[in-house]
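Working notes for the structure below.
All heavy atoms count here, side chains included; hydrogens, waters and symmetry mates do not.
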Amino acid sequence: MKKKNIFIVAAALMIFSSQAIAQSFGINFTLGFPQGEFKDNLSRTGIGIGGEILFPTAPGVPVEWGFDLAFVNYGNETRRAPLSNTIPDLTVDVTRSNNIVLGHALIRIAPPSTLFKPYVELIAGGSYMYTQTSLLERFSGKETISDQNFSDWAFSYGGGAGLMFTVYDQMGTRVMVDIKARYLMGTKAEYLTEGDVIINTQNATVSYNTRKSKTDILLAQIGVNLSFSSMFL
């Protein structure tokens with residue numbers, strides 16, 4: 001499935017669900033630190049963005065359930081090249097990005113506190129890893145064409161813990177800063193890192209130096225959580 005389709009489906013599910021009984025939703029800045037044999041192949045820290053939506057289980061029960069979606073970029077390459085061998089005087093920027101889309105269901109246990117809210121989580125879902133090459137106009141940076149070089153899936157599960165604290169609570173709206181860490185254990189997957197796409201310009205061929213390993217990753221996130229008085233536990 002293409003990257004855009006994944007985001008459209010995930011966003012539609014989250015928006016549709018939020019119209020029902022959403023307790024809260026949030027957005028966060030994400031850092032991804034590869035672990036174990038994943039780190040042996042990929043030492044670079046990933047950078048991205050994430051979002052989540054949570055629902056109450058029952059009144060007075062300190063358990064929420066929901067969904068989390070995150071996008072993490074773990075490598076980029078850019079080169080300038082002629083558009084073709086027959087048009088060498090027209091050059092473009094060719095960029096390649098290595099990315100992970102993480103989608104998980106989660107269960108969160110947290111006290112119904114209004115000021116400080118520590119919590120723990122159980123998480124299960126999957127990670128979609130893909131490498132994409134895009135053709136950009138040199139001066140505008142506009143993407144004109146793109147293609148996916150390689151992709152694979154991995155099942156992932158784990159747990160996490162965090163702390164939220166209120167920074168705004170007025171007129172039925174509560175805003176909390178959310179700081180958390182999650183450790184995800186991923187099954188084996190094949191993927192590419194920087195330099196793994198090998199181009200032979202003499203005969204116009206491409207080869208891939210694929211890596212294969214488990215995909216354990218530690219996520220550190222900081223963001224904002226928003227809820228409304230009619231939804232408070």
Side-chain angles (χ1 to χ4, degrees), residues 1-33 45-57 62-74 76 97-130 156-184 217-233:
M1 184 182 292
K2 294 293 186 180
K3 176 184 69 172
K4 292 182 179 178
N5 292 338
I6 293 174
F7 283 120
I8 290 172
V9 171
L13 287 173
M14 295 180 75
I15 292 172
F16 174 78
S17 300
S18 67
Q19 303 302 313
I21 55 171
Q23 168 69 21
S24 64
F25 60 92
I27 187 169
N28 53 69
F29 171 73
T30 301
L31 292 176
F33 302 93
T45 299
I47 300 175
I49 189 171
E52 64 185 19
I53 185 167
L54 293 165
F55 307 86
T57 53
V63 178
E64 300 170 291
W65 65 275
F67 303 97
D68 178 90
L69 182 69
F71 169 84
V72 175
N73 170 271
Y74 65 88
N76 291 291
S97 61
N98 302 305
N99 311 291
I100 310 175
V101 177
L102 305 107
H104 295 86
L106 64 91
I107 296 175
R108 177 177 295 175
I109 303 173
S113 172
T114 59
L115 185 58
F116 290 97
K117 190 174 183 178
Y119 60 85
V120 294
E121 300 174 323
L122 294 176
I123 307 164
S127 302
Y128 177 63
M129 306 181 67
Y130 69 95
S156 56
Y157 62 96
L163 173 67
M164 292 191 287
F165 58 91
T166 300
V167 294
Y168 179 86
D169 190 359
Q170 297 290 332
M171 301 178 63
T173 301
R174 182 184 300 165
V175 180
M176 305 183 82
V177 173
D178 185 12
I179 303 172
K180 58 176 168 281
R182 293 168 170 170
Y183 191 97
L184 297 174
I217 190 169
L218 173 66
L219 299 178
Q221 299 175 304
I222 181 170
V224 176
N225 179 275
L226 178 66
S227 53
F228 302 97
S229 59
S230 60
M231 302 175 183
F232 290 165
L233 289 173

Working for side chain to side chain contact (heavy atoms under 4.5 Å, CB included), residues Met164 and Tyr119: CA-CA 8 Å; Met164 292 191 287; Tyr119 60 85; 3.8 Å; yes
Between Tyr130 and Ile100, does the side chain to side chain contact (heavy atoms under 4.5 Å, CB included) criterion hold? Intermediate values first, please. CA-CA 6 Å; Tyr130 69 95; Ile100 310 175; over 6 Å; no
Can you list the steps and then say if Leu69 with Val101 is a side chain to side chain contact (heavy atoms under 4.5 Å, CB included)?
CA-CA 7 Å; Leu69 182 69; Val101 177; 3.9 Å; yes
Does Met129 form a side chain to side chain contact (heavy atoms under 4.5 Å, CB included) with Tyr74? I'd like the steps, not just the answer. CA-CA 10 Å; Met129 306 181 67; Tyr74 65 88; 3.9 Å; yes
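Lys117 has no carboxylate O lying under 4.0 Å from a charged side-chain N of Asp178, or vice versa, which leaves the two without a salt bridge.
For the pair Leu106 and Leu54, the minimum side-chain heavy-atom distance is below 4.5 Å. Taking the side chain as every heavy atom from C-beta outward, Leu226 and Thr173 approach each other to under 4.5 Å. A 4.5 Å side-chain heavy-atom check between Ile47 and Leu31 finds at least one atom pair inside the cut-off. Side-chain atoms of Asp68 and Ile123, non-hydrogen and from C-beta on, never get closer than 4.5 Å to each other. Side-chain contact check for Leu184 versus Ile217: some heavy-atom pair is nearer than 4.5 Å. You'll find the side chain of Glu52 reaches within 4.5 Å of the side chain of Lys180, heavy atoms only. Counting only heavy atoms from C-beta outward, the side chains of Phe25 and Phe67 never approach each other to under 4.5 Å. Contact of the Phe29 side chain with the Gln221 side chain is not registered, since no non-hydrogen atoms from C-beta on lie closer than 4.5 Å.
Side chains of Asn99 and Asn73: a donor-acceptor N/O pair is present below 3.5 angstrom, by distance only.
In this structure, the separation between CZ on Arg108 and CD on Glu121 is 4.0 Å, given to the nearest 0.5 Å. Between the CZ atom in Phe116 and the CZ atom in Phe165 there is a gap of 7.0 Å [rounded to 0.5 Å]. Rounding to the nearest 0.5 angstrom, the gap separating the CD1 atom in Ile179 from the CG atom in Asn225 is 12.5 Å.
A pairwise comparison of heavy atoms in Ser97 and Asn76 identifies CB-OD1, 3.3 Å as the closest pair. When all heavy atoms are compared, the tightest approach of Ser156 to His104 is OG-NE2, 2.5 Å. Shortest non-hydrogen contact noted between Ser24 and Ser227 is CB-CB, 3.8 Å.
Under the 3.5 Å distance criterion, the side-chain polar atoms of Thr57 are matched with a main-chain donor or acceptor of Val63.
In this structure, Phe33 places its CZ atom where more than 12 heavy-atom neighbours from other residues, nucleotides or ligands lie under 6.0 Å away.
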